[in-house]
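For reference, the structure discussed in these notes is given below.
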Amino acid sequence: MNQLFSKLRKYEIMIRKVANNHLQGDYQSIFKGAGLEFDDLRPYQYGDDIRTIEWKVSAKGHGTFVKTFREDKDQCVYFLLDISGSQDIGEVRNKKIDQGKIISGVLTLAGVFEGSQVGLISYSDQKEKLVLPGKGMKQGVKMIRGIFQHENKSLKTDLNAMFTFALNLIKKRSIIIVISDFIDEGYERPFKALAEKHDLVAIQLTDPRESALPSLGIIPVYDKEKGKTTWVNTAFGTFSKKITDTFTTERDKLRDICKKNQINYLAIDTTQDIVLPLIEMFKFRNKSMKRG
């Protein structure tokens, strides 16, 4: 555990240093400023976000009013971590599941050091691990253990169930960071509902072999979630094209959903270092918060 903490802490410190350099002292973390609660009303000014307009008050005919918010000191950050069998793809010790756990661990420490409450929901097609939100280093240790030491009950995927479970559990507006490969169907409705209630971040984990299968002739492909092997002929160009097209279409579909529902989207490949992609997300969130 000490070695793991040391590794995660190095990443966390590195992210802070790079973020400060990239943003030239104008850095606002991924967490601060996003957990807001209603404070007061004031007259609408040019440039205000129309989503903050209080329509009931404005309809009384005394002018257009917008809601103002203040930072919630007990801001909560939840990690929704997909640990199903489809995550078990990539190089040894650098699979999608490994990347997902590292990202969860690093951002957990960032949240702890910034004084946020942090919580965890690990999911397959059922609830695997639940750590209710808390503050401080003791909570950090509990979270890291929950992320790295849990053994799966199931390897199947059900993102619909994961998002529905989170919707029912998390009542107060929170920052929710979903870490998954998003390889599933029928999860859109609860995913969008989460975005309406909370500040949602979607981190999609990918691996090169998902979109570019080499021509190896007839090979066995083992489906870890279903626990069975299928033989496929990779020599056919149509098969490889179908794999690539499906991957591209599904990723574009997820990006489109995120764009339309104000969900921060980030794709991280298993061959990438996690630091720079996360910095880009911090920068984007920082600009968005200022515009709001």
Side-chain angles (χ1 to χ4, degrees), residues 30-31 34-37 72 74-87 96-97 99-108 110-112 116-135 139-140 142-148 150 152-205 225 250 253-268 281 285:
I30 189 172
F31 303 120
L36 303 173
E37 53 187 18
D72 182 0
D74 284 320
Q75 173 175 272
C76 184
V77 183
Y78 259 101
F79 296 90
L80 265 61
L81 183 61
D82 175 2
I83 57 171
S84 58
S86 66
Q87 303 286 90
K96 289 190 290 185
I97 189 71
Q99 287 278 58
K101 288 179 177 181
I102 290 287
I103 291 166
S104 302
V106 169
L107 295 183
T108 288
V112 166
S116 296
Q117 294 191 64
V118 289
L120 170 72
I121 300 170
S122 287
Y123 220 92
S124 52
D125 64 337
Q126 60 183 277
K127 181 189 74 179
E128 292 278 350
K129 183 72 180 177
L130 173 63
V131 178
L132 292 173
K135 284 186 177 186
Q139 178 72 3
K142 196 175 180 183
M143 287 280 292
I144 300 304
R145 284 196 171 132
I147 292 165
F148 288 92
H150 176 78
N152 280 47
K153 299 172 205 161
S154 169
L155 291 173
K156 294 179 181 178
T157 306
D158 192 340
L159 292 182
N160 186 309
M162 179 168 82
F163 297 143
T164 302
F165 179 82
L167 265 173
N168 292 330
L169 176 75
I170 309 168
K171 301 301 181 187
K172 179 187 168 187
R173 180 172 170 81
S174 304
I175 299 168
I176 298 180
I177 300 176
V178 182
I179 303 170
S180 170
D181 55 13
F182 289 88
I183 298 177
D184 199 13
E185 295 176 344
Y187 62 81
E188 292 84 356
R189 183 177 288 181
F191 186 55
K192 291 174 186 177
L194 270 179
E196 283 178 23
K197 284 182 66 177
H198 303 283
D199 179 4
L200 195 57
V201 177
I203 299 179
Q204 185 179 27
L205 304 170
E225 291 193 14
E250 289 301 313
K253 180 184 169 187
L254 176 61
R255 277 181 176 150
D256 190 50
I257 291 170
C258 291
K259 191 175 179 181
K260 287 178 179 174
N261 293 275
Q262 276 101 37
I263 301 166
N264 291 147
Y265 170 82
L266 173 67
I268 296 187
M281 183 171 69
R285 283 176 63 84

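On a predicted model such as this, the values are computed, not experimentally measured, just so you know.
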Report the distance from atom [atom1] of [X] to atom [atom2] of [Y], rounding to the nearest 0.5 Å.
| X | Y | atom1 | atom2 | result |
| --- | --- | --- | --- | --- |
| Ile97 | Ile179 | CD1 | CD1 | 10.0 Å |
| Ile257 | Glu188 | CD1 | CD | 4.5 Å |
| Ser180 | Gln87 | OG | CD | 5.0 Å |
| Gln126 | Ser84 | CD | OG | 11.5 Å |
| Ser124 | Leu81 | OG | CG | 11.0 Å |
| Ile176 | Leu167 | CD1 | CG | 7.5 Å |

Other residues, nucleotides, ligands: >12 heavy atoms within 6.0 Å of [X] [atom1]:
| X | atom1 | result |
| --- | --- | --- |
| Lys197 | NZ | yes |
| Lys171 | NZ | yes |
| Lys153 | NZ | yes |
| Lys101 | NZ | yes |

Closest approach of [X] and [Y], non-hydrogen atoms and distance?
| X | Y | value |
| --- | --- | --- |
| Gly186 | Asn160 | O-ND2, 2.7 Å |
| Ala195 | Ile263 | CB-CG1, 3.6 Å |
| Ser174 | Lys172 | OG-O, 2.9 Å |
| Gln75 | Ser116 | NE2-OG, 3.4 Å |
| Pro133 | Tyr78 | CD-OH, 3.0 Å |
| Arg173 | His198 | NH1-C, 3.3 Å |

*Check whether any side-chain heavy atom of Leu120 lies under 4.5 Å from a side-chain heavy atom of Ser104, and answer yes or no.*
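Leu120 vs Ser104: side chains apart.
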
*Within a strict 4.5 Å, meaning less than it, do heavy atoms of the Ile147 and Ser122 side chains meet?*
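The answer is no, as the side chains (C-beta and beyond) never meet within the 4.5 Å cut-off.
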
_Between Met281 and Ile203, does the side chain to side chain contact (heavy atoms under 4.5 Å, CB included) criterion hold? Intermediate values first, please._
CA-CA 10 Å; Met281 183 171 69; Ile203 299 179; 4.2 Å; yes

_One pair to check against side chain to side chain contact (heavy atoms under 4.5 Å, CB included): Asp184 and Asp82. What are the steps and the verdict?_
CA-CA 11 Å; Asp184 199 13; Asp82 175 2; over 6 Å; no

Given 3.5 Å as the limit, does a donor-acceptor pair link the side chain of [X] with the main chain of [Y], or not?
| X | Y | result |
| --- | --- | --- |
| Glu250 | Ile183 | no |
| Glu128 | Ser154 | yes |
| Gln139 | Leu132 | yes |

_By the definition side-chain contact (heavy atoms from CB on, under 4.5 Å), identify the one residue from Leu80, Thr164, Asp199 that meets it with Leu194._
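In the set Leu80, Thr164, Asp199, the residue that makes a side-chain contact (heavy atoms from CB on, under 4.5 Å) with Leu194 is Leu80.
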
*Show the numbers, then the answer: is there a ring pair (Phe, Tyr, Trp, His ring centres under 6.0 Å) between Phe182 and Tyr265?*
CA-CA 12 Å; Phe182 289 88; Tyr265 170 82; 7.7 Å; no

*Taking it one step at a time, do Phe191 and Leu200 satisfy side chain to side chain contact (heavy atoms under 4.5 Å, CB included)?*
CA-CA 9 Å; Phe191 186 55; Leu200 195 57; 3.7 Å; yes

*Is the closest side-chain donor-acceptor distance between Asp181 and Ser86 under 3.5 Å?*
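Present: a donor and an acceptor within the cut-off.
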
*Which residues satisfy the side chain to side chain donor-acceptor pair (under 3.5 Å) test with Asn261, sequence neighbours excluded?*
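Asn261: no side chain to side chain donor-acceptor pair (under 3.5 Å) contacts found.
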
*Which residues share a side chain to side chain donor-acceptor pair (under 3.5 Å) with Asp158, sequence neighbours left out*: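 Residues passing side chain to side chain donor-acceptor pair (under 3.5 Å) with Asp158: none at all.
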
*Classify the angle between the aromatic ring planes of Tyr187 and Phe163 as parallel (below 30°), tilted (30 to 60°) or perpendicular (above 60°).*
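Because their plane-to-plane angle is over 60°, the rings of Tyr187 and Phe163 count as perpendicular.
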
*Evaluation steps, side chain to side chain contact (heavy atoms under 4.5 Å, CB included), between Met162 and Val178*: CA-CA 10 Å; Met162 179 168 82; Val178 182; 4.1 Å; yes

